[in-house]
Trainee: 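Questions regarding the structure given below will be posed in turn.
Here the structure is a predicted model, which means the values were calculated and not measured. Note that these values count all heavy atoms, side chains included, but never hydrogens, waters or copies made by symmetry.
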Amino acid sequence: MSVLVVSGTGTEIGKTVTTAAVAATALARGRSVAVLKPAQTGVGADERGDAAEVARLAGQVTTLELARYPEPLAPDTAARRSGLPTVRPHQVAEAAEKLATEHDLVLVEGAGGLLVRFDEEGSTLADAARLLAAPVLVVAHPGLGTLNMATLTTEALTARGLDCPGLVIGSWPADADLASRCNVTDLPASAGVPLLGVLPERAAALGPADFRAAAPGWLAPQLDGTWNPAAFTA
């Protein structure tokens, strides 16, 4: 698995911090890591984007953005409104393949959900994943409504012939409600893929050293971590 695409069931659910946790865990195993952000939206020219945030939290990773748009919109919409070129799936695939020749692991972090439009032709992150023949890790929120969104996402991946190794909950509340507690068990059954990790809320607020030390404990062995779903639910 030299390239792993990180997508989600929506926006603001913890994709970037999950990407950082996967990167930090791989680095702790002695692997070299690159992070590719095809389309960064809602960030000004001098502001820190998602790839830079991953580097801040995880450590020595190579980062690459293909496009940046100032308004917090879907990439296609943001590109159109800004007058800047859109990002095409073949550009994402070519950039990831080049990074993969120089790194053990390339993490491609999407924008918003899986089927957010990247260009005027309706291309999506799924199209780039298909060109790469890369698995897609899905980040979900824990609460009410997540079963439907996670299942729709994994079904969309299956319909496109893409592999989904599992789900990660991107922000687990300190005081989880009943729906969240039930969803830890119900998510794998509904989405048809295993739960591969749970990140605590405000994980990104940790200092980098603490984040890197804790990250392997948030992720399952399939992602090089030590997290145990049975122990978590108990």
Side-chain angles (χ1 to χ4, degrees), residues 4-29 31 33-37 39-65 68 70-73 105 107-113 137-146 149-150 166-181 183-184 187 195-221 223-229 231-233:
L4 177 65
V5 176
V6 182
S7 188
T9 58
T11 191
E12 300 298 328
I13 57 170
K15 286 191 303 297
T16 298
V17 70
T18 298
T19 302
V22 174
T25 301
L27 288 169
R29 290 292 188 99
R31 304 173 74 189
V33 180
V35 177
L36 172 62
K37 184 74 175 182
Q40 175 69 65
T41 66
V43 176
D46 297 326
E47 296 179 294
R48 185 171 64 218
D50 293 341
E53 175 67 358
V54 172
R56 182 186 73 84
L57 291 169
Q60 295 297 315
V61 301
T62 300
T63 62
L64 177 63
E65 275 184 16
R68 176 175 286 213
E71 295 180 316
L73 302 168
L105 176 64
L107 300 171
V108 182
E109 185 191 342
L137 181 69
V138 176
V139 183
H141 77 88
L144 198 63
T146 195
M149 290 186 288
L167 302 165
V168 171
I169 292 175
S171 181
W172 181 258
D175 185 17
D177 61 12
L178 177 62
S180 296
R181 296 195 303 273
N183 286 340
V184 173
L187 266 170
L195 187 61
L196 296 183
V198 175
L199 275 66
E201 64 180 356
R202 294 187 56 76
L206 293 172
D210 290 336
F211 182 93
R212 296 165 197 173
W218 301 330
L219 301 173
L223 296 173
D224 286 335
T226 59
W227 181 79
N228 185 312
F232 183 81
T233 54

Trainee: What closest approach, in Å, do Leu199 and Ala21 show between heavy atoms, and which atom pair accounts for it?
Mentor: CD2-CB, 4.1 Å
Trainee: Return each pair, listed once, that meets salt bridge (charged side-chain N to carboxylate O under 4.0 Å, His left out) where at least one residue sits in residues 43-54; pairs must be two or more places apart or across chains.
Mentor: Lys37-Asp50, Arg48-Glu53, Glu53-Arg56
Trainee: Looking at CG of Leu137 and CG of Leu107, how far apart are the two atoms once the value is rounded to the nearest 0.5 Å?
Mentor: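 So the CG of Leu137 and the CG of Leu107 are separated by 9.0 Å.
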Trainee: Output yes when a side-chain donor or acceptor of Lys15 lies under 3.5 Å from a complementary backbone atom of Thr9, and no otherwise.
Mentor: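 Not confirmed, Lys15 side chain does not pair with Thr9 backbone.
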Trainee: Please determine whether side-chain contact (heavy atoms from CB on, under 4.5 Å) holds for the pair Thr25 and Leu223, giving the CA-CA distance in whole Å, both sets of side-chain angles, and the decisive distance to 0.1 Å.
Mentor: CA-CA 8 Å; Thr25 301; Leu223 296 173; 6.0 Å; no
Trainee: Does Arg212 use its side chain to pair, donor to acceptor, with the backbone of Leu57 at less than 3.5 Å?
Mentor: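 Yes; at least one donor-acceptor contact below 3.5 Å.
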Trainee: Do Trp218 and Phe211 have ring centroids that are under 6.0 Å from one another?
Mentor: yes
Trainee: For Glu109, run the side chain to side chain contact (heavy atoms under 4.5 Å, CB included) check against Thr16, Val139, Thr18 and tell me which one passes.
Mentor: Thr16
Trainee: What pair of heavy atoms forms the shortest contact from Leu195 to Trp227, and how long is it?
Mentor: O-CZ3, 3.4 Å
Trainee: Quick one: side-chain contact (heavy atoms from CB on, under 4.5 Å) partners of Ala34, sequence neighbours excluded?
Mentor: Thr62, Leu99, His103, Val106
Trainee: Please tell me if the side chains of Val22 and Val6 come closer than 4.5 Å, counting only heavy atoms from C-beta onward.
Mentor: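 When only atoms from C-beta onward are counted, Val6 and Val22 do not touch, as no gap falls below 4.5 Å.
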Trainee: Could you tell me whether a side-chain N or O of Arg31 sits under 3.5 Å from a main-chain N or O of Leu105, the two making a donor and an acceptor?
Mentor: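 Judged by distance alone, no pair lies under 3.5 Å.
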Trainee: Output a table of donor-acceptor pairs, distance under 3.5 Å, between side-chain atoms of residues 166-179 and any protein atom two or more places apart or on a different chain; print 'none' if there are none.
Mentor:
unit_1, atom_1, unit_2, atom_2, d
Asp177, OD1, Ala179, N, 3.4
Asp177, OD1, Ser180, N, 2.8
Asp177, OD1, Ser180, OG, 2.8

Trainee: Closest approach of Thr226 and Gly217, non-hydrogen atoms and distance?
Mentor: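 Looks like OG1-CA, 3.5 Å.
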Trainee: Write down the atom of Ala55, the atom of Thr63, and the distance for their closest heavy-atom approach.
Mentor: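 Distance-wise, the nearest heavy atoms are CB-CG2, 4.0 Å.
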Trainee: Check Ala58 against Ala23 and note the closest heavy-atom contact, atom names and distance.
Mentor: CB-CB, 3.8 Å
Trainee: Distance-only, no hydrogens or angles: does the Asn183 side chain make a donor-acceptor pair with backbone N or O of Gly143 under 3.5 Å?
Mentor: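 Present.
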Trainee: Could you go step by step and tell me if Leu73 and Thr41 meet the side-chain contact (heavy atoms from CB on, under 4.5 Å) rule?
Mentor: CA-CA 6 Å; Leu73 302 168; Thr41 66; 5.9 Å; no
